[in-house]
Amino acid sequence: MFKKDEEQKNNPFEENNFNNSENDNEENKVSENKEENAEENDDKTIENTVKETDSETLKEELENLNNKYLRLAADFDNFRKRQAQERENLLKYGAEDTLKKIITVLDTFERARKSVLDLTECEKVKESYEVGIKQLYDTLDKIGLKKIEAKGAEFDPNLHEAVMRTPTNEHPADTVIDELQTGYKLYDKVLRPTFVNVAAENNEDNSKNEETTEE
């Protein structure tokens, strides 16, 4: 009898034994699924962590590249402005050395004109000279060379160089009485200041007036 029960217990075709086997298999499957899910979750967590790390690294690299680009753009813009300024100065003042040489020729013309002003028998010479020098000045004016007009103006150390000071009551102090040598500018740049005689206060007359008043 015990033998028969044992055989029934070990017989897989018995209904109870079959059900128990299925339950065991289902439990094993559930356990395996839990383990697989746990492993899958762990893999996803690791994957998400890696993605977040990669994303932060990419953001940092992008920010560094963007900063480098901004610095490079700023440097290039400054370089472009410097080049434009240098090109403008070259076009504007490129003839400076040449014009400085021409100035000495103008001095000769000026001296010649003064020497013939009072010669009435040389009217044709003076007329020809005036035409020639006017043409020369007009040409130089077109390329930017201009006279610095000084006579009658207030003394300006940026434009004039005082080589004489004459005490006088006929002109206000610091007024240019006479031009001793013409000055020139290239556009707004002074090539040579005008040498001038400047009016100064006449202290002798003031002293005489003060003495007269006291008497």
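Just so you know, these numbers use all the heavy atoms, side chains as well, and skip hydrogens, waters and symmetry mates.
- One distance of note links CG of Leu65 with CD of Glu60; it measures 11.0 Å at 0.5 Å rounding.
- Lys151 NZ: 12 or fewer foreign heavy atoms inside a 6.0 Å radius.
- Hydrophobic cluster membership differs between Val198 and Met164, with clusters built from Ile, Leu, Val, Met, Phe, Trp and Tyr side chains linked at under 4.5 angstrom.
- Rounding to the nearest 0.5 angstrom, the gap separating the CG atom in Leu70 from the CG atom in Asp75 is 11.0 Å.
- At a threshold of 4.0 Å, the pair Glu96-Lys100 counts as salt-bridged, since one of the basic side-chain nitrogens sits closer than that to a carboxylate oxygen.
- Between Asn202 and Pro167, the closest heavy-atom pair is CA-CB, 4.0 Å.
- Rounding to the nearest 0.5 Å places CG of Leu191 at 5.0 Å from CD1 of Ile103.
- The side-chain hydrogen bond (donor to acceptor under 3.5 Å, both in side chains) check on Asp188 picks up Tyr93, with sequence neighbours excluded.
- Residue Tyr187 qualifies as enclosed at atom OH: its count of foreign heavy atoms under 6.0 Å is above 12.
- Here Asn66 pairs with nothing under the side-chain hydrogen bond (donor to acceptor under 3.5 Å, both in side chains) rule; sequence neighbours left out.
- In the hydrophobic clustering of this structure, Ile133 groups with Leu145; members are Ile, Leu, Val, Met, Phe, Trp, Tyr whose side-chain heavy atoms approach within less than 4.5 Å, directly or through other members.
- Under the side-chain contact (heavy atoms from CB on, under 4.5 Å) criterion, Asp77 pairs with Arg80, Lys81, sequence neighbours left out.
- Separating the CG atom in Leu72 from the CG atom in Asn67 is a distance of 12.5 Å, to the nearest 0.5 Å.
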May I have the list of side-chain donor-acceptor pairs in residues 137-144 shorter than 3.5 Å, sequence neighbours left out?
{"residue": "Tyr137", "atom": "OH", "partner": "Glu110", "partner atom": "OE2", "Å": "2.7"}
{"residue": "Tyr137", "atom": "OH", "partner": "Tyr184", "partner atom": "OH", "Å": "3.1"}
{"residue": "Asp138", "atom": "OD2", "partner": "Lys134", "partner atom": "NZ", "Å": "3.0"}
{"residue": "Thr139", "atom": "OG1", "partner": "Gln135", "partner atom": "O", "Å": "2.9"}
{"residue": "Asp141", "atom": "OD1", "partner": "Lys146", "partner atom": "NZ", "Å": "2.8"}

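- Listed by first then second residue, pairs satisfying salt bridge (Lys or Arg N to Asp or Glu O under 4.0 Å) with a partner in residues 166-185 read Arg165-Asp174, not counting sequence neighbours.
- Both Leu99 and Val105 belong to a common hydrophobic cluster when Ile, Leu, Val, Met, Phe, Trp and Tyr are linked at side-chain heavy-atom distances under 4.5 angstrom.
- Heavy atoms only, all atoms of each residue included: Pro172 and Ala199 are closest at O-CB, 3.4 Å.
- Under a 3.5 Å cut-off, the side chain of Thr194 and the backbone N or O of Ile148 do form a donor-acceptor pair.
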Could you tabulate the donor-acceptor pairs under 3.5 Å formed by side-chain atoms of residues 82-90, not counting sequence neighbours?
{"residue": "Gln85", "atom": "NE2", "partner": "Asn89", "partner atom": "OD1", "Å": "3.2"}
{"residue": "Asn89", "atom": "ND2", "partner": "Gln85", "partner atom": "O", "Å": "3.4"}

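- In terms of heavy atoms, Val176 sits closest to Ala150 at CB-O, 3.2 Å.
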